[in-house]
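Notes to accompany the following structure.
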Amino acid sequence: MDWKVIGVGESEGLRMWRVEKLELKELGEEEFGTFFSGDCYVILKTTGAPPREWNVHFWIGEQSSVDERFCAAFWSVELDDFLGGRATQFRESQHFESKRFLALFASRTVRYLDGGVASALRSASEASRRPRRLFKVKGRRNCRVMQVPLEAASLNQGDVFVLDAGDGRIFVWNGPLCNKEERRKGAEVARTMRDVELAGRASVEIIEDEWDSHRDFFGLLGSRPLPPCSPFEDDAEFERSAGLSTRLFRVSDDSGRLELLETASPLGPNSLDSNDCFFLDVASTEIFVWMGKGCTPNERCGVWTMVTAYLEERHLPPQIPVCKINEGQEVAVFRAALNWPEEAPRMLLQAGTEGSRHEEKGFDVAELLRRRETRAEVKEVIEGRTRVWRVNNFALEEVPLEDYGTFFSGDAYIVLFEPLRTKAPTVFFWVGRGSSIDERASAALFAAHIDEREAGGSAVQKRVVETKEPREFLMLFDDFLVTFLGGHQSGFLSRATVAPEEYGSFPGRRLFHIKERRVGEVPFGAERLNSNDVFVALDDERRFAWIGKGANELEMETFSKFEWKIGDRTVRMEKVREGEEPEAFWDFLGGKLPYASTPALTSPLYAFAARLFHASNAKGTFRVEEIVDFSQEDLESDDVMLLDSNDEIFVWIGRGANDLEKKLALELAVEYVSKDPSGRAADETSMWVVKEGAEPPEFRAHFPAWRDAGKAEETMVTVASMLECFSKSYSYDDLAVGADRLPFGVDPTRKEEYLIDGDFEKCFGMSKTAFGEMKKWKQLEAKKRVGLF
């Protein structure tokens, strides 16, 4: 068919064809919306003048023949090719059409007729509204996005949900127990919907404080307010099951015949190849067909046959939505299913243009070096009434007034603040680092209960995590906070229910770390001290205040408040300054031991405040972002962190960090120092690598109330020596082992790159250069054959 002659895709509107004798016959407008069960149809929707978007739907009648179905898919591909490969294709099945498809015939009733004879109906026009959709964002390291029923019952408090209202509004609902990665991914999905699918003509609203009462959000779900919903679903278990249920298949004719090959996990944007076609099965709920810009016509047409055979072979419902997308036009759900990096460049939409190279790094070192304000602004004191409850055995017990401002790390609390001069109370639910999942979930539910019972449902609800309390929360308790180890039993200084090892060798003695406005109990022992802060050591008979050389006025002010808070003037507080300690002080701590004391820690007027950066390639691109007002809670076990204390740089490696993250973070540390505009030199700045669970005192000193230190032997190696490990080559015998036995620095997914040249040619029968020119799937087959997969 000569599409150009009949002007296809040149003007805005709808055009429709029916497959007749393996050819297409165009239908008149009067026939739009009428479908014969024994036929197949191709529908083109052109948007914009001049055209800027094309959607091609091919409709499959339930009584149509295999040949007709093949032709519908074939002609859809032909039409897409004519439009420069810029159309989005959708496979529609009778009785199970998408809302997007039905919206094309909104002004008339879609009608099915038996047989294959045409019939006339009224004219049609496109509906202006998109279908309303609700998506769940779930996972810890590799978040996945899936469409869920459009109802409030789909919500749970541990995940993020994105609601496309269909009218230019997009809502991101952050459950109070969701994790940071889900929050990031939810915002990213919403922005992609707005910028890619809606050409920027939409608004995005993040729902945080009003998670249980947002009127517009719950109104769109047909519920007001939030009905009872599950507090959480386990992210780790979900990721395991989701990883199994999301499958990617390559359709390639590189061997001379059309082949279907499943792509090995883990899946990501790099699993795709511009020279082939792919289809992605997202948990057997939706199929995406991805067309690489260099794929052949045979692949573009054959992929539809492969999809149909796949559905039949797995006994999946034929009505599962199938959406075709072109390289560079990936929709939000597809990108999320492959954990697509937010910064990954998209291909230009013009046919024949070359896309940008995928950059390995998604940050600018010069930008990281710019100083940012890390102190929270002092908020105006608002008069009002504060009440506090503790979650105890799935019930609430009110905290005595004298214990306000003191929290136990193993518990969860509800704090209600009712201001005198405004109508908006606030309900905080505070969760300790040692609290259980059940306690955290109960706290979220009780927050809603307190809101209804005490504030008539008008309060703003906010989640607060230990050591990450905002200034507005601290202001409720005289602008400082005290946190104890373990779970509270009764009374301010009563014994907490903690494991004996958390107290060290002196169970009757306790040590408190005062850093700025926070007082946190830490395991007992002289090695916990650091020169930058104030520490209080006490038991029932003696009290010592150890004042480090670098302690500032704010910490001395907090110490005064803490001294007044603990009361009991019968026991005198002995102030001890660093460097002037009597033997009695060291005896009380169990002996003098090395502690953190560096130039950055010993001066209270030191102009440099430590900075923490989070580095990760979980989204495909190596991304680095600064963590402001950081605490131990910000250290991500799956990633790498960089701590800059000016005189020292620490590269902290989490247990779950991958080798590429480690290598790029080490290179970042060197580049970060060498480009510092202050003039410090890399060869004059100590740069160390520390591992999770083996942090040295110099590292721990920059975090408030560090916990679980000293569990492993504290060792540090230099950044330079560890970088050398990534450039070493090994023999075949060294690499043909399990991932847990590989030499440090070897990426288990790229073992062949570390082979000595002689062993490489012996194993693969070719040079590394020739191997690199092979297609990825052929490389995988070769690696499996020689035992390096």
Side-chain angles (χ1 to χ4, degrees), residues 1 19 22-24 40 42 56-60 64-93 246-265 267 269-282 284 286-316 318 320-330 334 337-338 347 351 773-785 789:
M1 175 178 288
V19 176
L22 307 185
E23 296 290 338
L24 289 186
C40 294
V42 176
V56 177
H57 301 259
F58 61 97
W59 185 91
I60 306 298
S64 60
S65 67
V66 174
D67 289 342
E68 288 173 323
R69 298 180 184 191
F70 173 82
C71 285
F74 172 80
W75 284 114
S76 296
V77 173
E78 287 286 303
L79 177 55
D80 183 20
D81 286 341
F82 171 74
L83 296 172
R86 289 172 286 170
T88 301
Q89 291 183 38
F90 302 91
R91 179 182 185 270
E92 310 283 354
S93 298
T246 300
R247 305 174 68 185
L248 180 67
F249 297 87
R250 176 194 296 264
V251 177
S252 175
D253 60 4
D254 188 61
S255 64
R257 60 186 181 88
L258 206 60
E259 293 182 317
L260 180 67
L261 303 167
E262 183 167 6
T263 303
S265 296
L267 302 178
N270 292 331
S271 302
L272 304 172
D273 186 337
S274 296
N275 295 316
D276 290 321
C277 293
F278 292 78
F279 68 86
L280 180 71
D281 177 3
V282 183
S284 297
E286 190 166 12
I287 303 289
F288 290 95
V289 175
W290 185 86
M291 301 287 191
K293 58 185 179 66
C295 64
T296 66
N298 186 37
E299 292 168 343
R300 295 175 67 86
C301 185
V303 66
W304 297 103
T305 304
M306 295 289 190
V307 169
T308 302
Y310 174 79
L311 294 175
E312 293 176 353
E313 180 183 340
R314 296 200 64 198
H315 304 290
L316 296 174
I320 287 179
V322 180
C323 173
K324 173 261 181 185
I325 52 180
N326 297 311
E327 181 176 359
Q329 297 175 292
E330 294 81 7
F334 180 85
L338 288 184
M347 300 300 177
E773 293 173 351
M774 295 171 61
K775 287 196 171 185
K776 290 182 179 179
W777 68 270
K778 286 191 173 182
Q779 292 178 355
L780 290 176
E781 292 297 323
K783 288 162 63 174
K784 290 178 181 178
R785 187 171 61 251
F789 179 70

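Numbers for residues simply follow the sequence, beginning at 1. No hydrogens, no waters, no symmetry mates; every other heavy atom, side chains included, goes into these values.
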Here the gap from Trp290 atom CH2 to Leu272 atom CG, rounded to the nearest 0.5 Å, amounts to 4.5 Å
Report yes or no: does Asn326 contribute a side-chain atom to a donor-acceptor pair with the main-chain N or O of Ala87 at less than 3.5 Å?
-> yes
Hey, are Asp276 and Arg250 close enough for a salt bridge, meaning a charged N less than 4.0 Å from a carboxylate O?
-> yes
Would you say Gln89's side chain and Asp80's backbone share a donor-acceptor pair under 3.5 angstrom?
-> no
CD1 on Ile325 to CE on Met291, rounded to 0.5 Å = 10.0 Å
Rounding to 0.5 Å, atoms CG (Leu248) and CG (Leu338) come to a distance of 6.0 Å
With a 4.5 Å limit on heavy-atom distance, are the side chains of Phe278 and Val251 in contact?
-> no
From Cys277 atom SG to Glu327 atom CD, the distance as rounded to the nearest 0.5 Å = 10.5 Å
Backbone N/O of Ala72 and side chain of Ser76: donor-acceptor pair under 3.5 Å = yes
Heavy atoms of Ser252 and Glu299 approach each other most closely as CA-OE2, 3.2 Å
Proximity of Tyr310 and Phe249 rings by center, below 6.0 Å = yes
In terms of ring plane angle, is the pair His57 and Phe90 parallel, tilted or perpendicular, where the classes change at 30° and 60°?
-> parallel
Output yes when Arg257 and Glu259 qualify as a salt bridge under the 4.0 Å nitrogen-oxygen rule, no when they do not.
-> yes
